[in-house]
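Below is one structure, written out as structure tokens; comments come after it.
Sequence positions, counted from 1, serve as the residue numbers for this chain.
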Amino acid sequence: TRVMKRFVAPLVLLLTGLILGVLSAQYMMENASVAAPIANRLWKATRVAGEDLKSSYLAGHFLRRGQVPPPKGTRFYVRNTDDEGNSLRGDCVVTLEGRMPASRWWFVSSASSSGRKTLDAAQAIREGSGEVTISISVSPVAGNWLVPADGGNYDLQLVLLGVDDDTPPVLPSVKRLWC
């Protein structure tokens with residue numbers, strides 16, 4: 001029994017350490033990339049690149065979702081409510097309105113557990129002023145139309161590629177028109 005205690009105690013400590021390490025890594029991958037809301041808006045910035053140890057957790061954040069981590073110079077913003085705090089739902093018509101921040105390319109997508117639908121800069125019709133209005137609806141809408149991933153709740157994502165400036169941008173507004 002004395003010999004058994006010498007092997008069991010270190011084995012239990014080792015297993016406890018491994019379990020705590022895995023749980024810690026999962027927590028860090030989920031929370032390493034989420035930042036505070038942007039300029040009193042409901043958009044949240046997701047940090048996507050870094051030069052420190054945290055960047056391995058940032059890469060894990062995307063890899064766990066089956067996504068390739070974006071390159072440096074990419075800004076990733078997400079929200080799940082409109083400007084009035086209502087949840088984004090597929091059975092409602094929502095508009096994303098405003099000028100897209102300066103970048104080489106951008107994508108807007110609706111994402112849920114069932115998938116992702118995307119509209120990018122090449123597909124979008126812009127106003128003469130440079131502003132964009134995108135309707136998010138399951139029913140066809142004239143102009144820029146993005147179909148939500150399913151009829152339930154979804155996240156609205158804005159990805160800016162090729163951003164050189166670290167200043168937080170002014171992001172488009174999101175308004176619910178009707179349900």
Side-chain angles (χ1 to χ4, degrees), residues 1-92 94 96 101 103 105-120 136 138 146-169 171 174:
T1 60
R2 185 174 167 178
V3 172
M4 191 138 162
K5 284 183 183 179
R6 284 180 30 188
F7 290 111
V8 171
L11 184 62
V12 168
L13 287 173
L14 180 64
L15 288 175
T16 303
L18 285 172
I19 290 170
L20 289 174
V22 167
L23 292 174
S24 168
Q26 287 178 341
Y27 175 81
M28 289 299 291
M29 282 188 279
E30 280 302 313
N31 296 306
S33 61
V34 178
I38 305 298
N40 297 327
R41 293 248 177 152
L42 297 173
W43 289 98
K44 290 188 169 50
T46 299
R47 187 170 168 245
V48 294
E51 302 296 329
D52 55 4
L53 177 62
K54 206 175 197 182
S55 62
S56 60
Y57 293 114
L58 294 170
H61 173 81
F62 291 97
L63 293 172
R64 283 185 65 196
R65 289 167 173 73
Q67 302 170 344
V68 176
K72 193 172 186 172
T74 302
R75 304 293 182 263
F76 188 85
Y77 302 96
V78 66
R79 67 186 297 166
N80 57 11
T81 59
D82 63 17
D83 288 346
E84 295 180 7
N86 301 310
S87 293
L88 298 176
R89 300 187 340 231
D91 60 341
C92 297
V94 174
L96 181 133
S103 63
W105 202 259
W106 55 263
F107 297 89
V108 174
S109 66
S110 67
S112 69
S113 58
S114 67
R116 176 187 318 270
K117 304 287 180 146
T118 304
L119 179 80
D120 67 20
I136 303 144
V138 292
L146 178 62
V147 180
D150 65 14
N153 291 349
Y154 62 90
D155 290 338
L156 191 60
Q157 301 171 343
L158 173 61
V159 179
L160 305 173
L161 301 171
V163 177
D164 297 327
D165 191 7
D166 284 338
T167 306
L171 299 173
V174 177

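Proximity of Val78 to Asn80: side-chain heavy atoms (C-beta onward) are nowhere separated by under 4.5 Å.
Taken to the nearest 0.5 Å, the NZ atom of Lys44 stands 13.0 Å off from the CG atom of Leu171. The CD1 atom of Ile19 sits 10.0 Å away from atom CG of Leu14, with the distance rounded to the nearest 0.5 Å. Note that the CZ atom of Arg79 and the OH atom of Tyr154 stand 10.0 Å from one another [nearest 0.5 Å]. Here the CG atom belonging to Leu119 is positioned 10.0 Å from the CZ atom belonging to Phe107, to the nearest 0.5 angstrom.
Across every non-hydrogen atom of Asp82 and Leu88, the tightest pair is N-CD2, 3.8 Å. In terms of heavy-atom proximity, Ala111 sits nearest to Gln157 at CB-NE2, 3.7 Å. Taking both residues in full, the closest heavy atoms of Gly90 and Val138 are given as O-CG1, 3.4 Å, listed atom of the first, atom of the second, then distance. What you find for Val108 and Leu158 is that their closest heavy atoms are CG2-CD1, 3.8 Å. Contact record, Trp43 with Leu156: CZ3-O, 3.9 Å, taken as the closest heavy-atom pair. Nearest heavy atom pair, residue Ser110 against residue Leu146, reads N-CD2, 4.0 Å.
Each of Asp83, Ile136, Asn86 was scored for a side-chain contact (heavy atoms from CB on, under 4.5 Å) with Val174, with one residue passing: Asp83.
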